[in-house]
Amino acid sequence: MLNLFRATSILEGISYLALFAVTMPLKYLADLPMPNKYVGYAHGVLFIGYIILAVIFWSQKKWSYKRGFILLLASLLPFATFYVDKKYLKPLA
């Protein structure tokens, strides 16, 4: 479970950055919408997977509400999933 959550966390963070730093400029500045569409789909799936796995992992570890909130908030902020992996998940591996 931990390895799956860590992998999803990293991939979700990468997809978030790719979506906003790479494909959004391609869509609006270079008029290339297709990369944004596919990366957007991938990011959506990874985002939902991250949320589901975060809730499952949080409940299995019986962590505090504060830590659970941090796990969920990380899905909304750029680079935050990398922080969660380093601070909360990597020490468990």
Side-chain angles (χ1 to χ4, degrees):
M1 177 68 183
L2 175 62
N3 289 334
L4 177 63
F5 186 43
R6 287 190 70 203
T8 304
S9 174
I10 297 299
L11 290 173
E12 198 275 338
I14 291 169
S15 72
Y16 194 177
L17 295 175
L19 183 65
F20 290 103
V22 178
T23 65
M24 290 296 256
L26 286 174
K27 180 179 179 179
Y28 292 108
L29 300 177
D31 198 29
L32 294 170
M34 290 310 285
N36 191 55
K37 182 178 180 178
Y38 294 119
V39 173
Y41 286 149
H43 174 68
V45 169
L46 289 165
F47 174 80
I48 292 168
Y50 177 88
I51 294 294
I52 291 168
L53 289 171
V55 169
I56 292 169
F57 195 76
W58 171 27
S59 67
Q60 282 183 349
K61 293 295 179 185
K62 296 180 176 39
W63 282 348
S64 68
Y65 286 110
K66 178 183 175 186
R67 192 171 281 190
F69 178 74
I70 291 169
L71 288 177
L72 297 175
L73 181 64
S75 67
L76 302 174
L77 303 172
F79 301 106
T81 56
F82 303 119
Y83 170 79
V84 163
D85 180 60
K86 184 176 180 180
K87 175 137 175 128
Y88 297 109
L89 305 178
K90 195 172 185 180
L92 298 175

Kindly list each side-chain donor-acceptor pair under 3.5 angstrom involving residues 34-50, sequence neighbours excluded, with atom names and distances?
{"unit_1": "N36", "atom_1": "OD1", "unit_2": "T23", "atom_2": "OG1", "d": "2.9"}
{"unit_1": "H43", "atom_1": "ND1", "unit_2": "S15", "atom_2": "OG", "d": "2.9"}
{"unit_1": "Y50", "atom_1": "OH", "unit_2": "L71", "atom_2": "O", "d": "2.8"}

From CA spacing to verdict: side chain to side chain contact (heavy atoms under 4.5 Å, CB included), L92, F57:
CA-CA 12 Å; L92 298 175; F57 195 76; 3.8 Å; yes
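The list of ring-ring contact (aromatic ring centres under 6.0 Å, His included) pairs with a residue in residues 73-93, not counting sequence neighbours, is empty. Every pair passing salt bridge (Lys or Arg N to Asp or Glu O under 4.0 Å) that includes a residue from residues 77-93 is listed here, sequence neighbours excluded: R6-D85. Applying the salt bridge (Lys or Arg N to Asp or Glu O under 4.0 Å) test to residues at least two apart or on different chains, none of the pairs has a partner in residues 12-36. Residue pairs that meet the salt bridge (Lys or Arg N to Asp or Glu O under 4.0 Å) test with at least one member in residues 50-68, sequence neighbours left out, do not exist here.
A ring-centre distance under 6.0 Å is found for F20 and Y16.
Connection of L2 to V84 is established within a shared hydrophobic cluster, with ILVMFWY side chains joined at heavy-atom distances below 4.5 Å, either directly or through further cluster members. Put simply, I52 and L4 are part of the same group of oily side chains (I, L, V, M, F, W, Y) that touch within less than 4.5 Å, one to the next. Using a 4.5 Å cut-off between side-chain heavy atoms of Ile, Leu, Val, Met, Phe, Trp and Tyr, with links allowed through other members, L17 and L76 fall into different hydrophobic clusters. Taking hydrophobic clusters as Ile, Leu, Val, Met, Phe, Trp and Tyr residues chained together by side-chain heavy-atom distances below 4.5 Å, M24 does not share a cluster with I14. Criterion: ILVMFWY side-chain heavy atoms under 4.5 Å apart, direct or through other members. Under it, Y65 and L72 are part of a common hydrophobic cluster.
In plain terms, the two heavy atoms of W63 and W58 that are nearest each other are O-NE1, 3.0 Å.
By the side-chain contact (heavy atoms from CB on, under 4.5 Å) test, A30 pairs with L26, L32, sequence neighbours left out.
Atom CD1 of I70 sits about 13.0 Å away from atom OG of S75, to the nearest 0.5 Å.
At a threshold of 4.5 Å between non-hydrogen side-chain atoms, the residues T81 and T8 do not count as touching.
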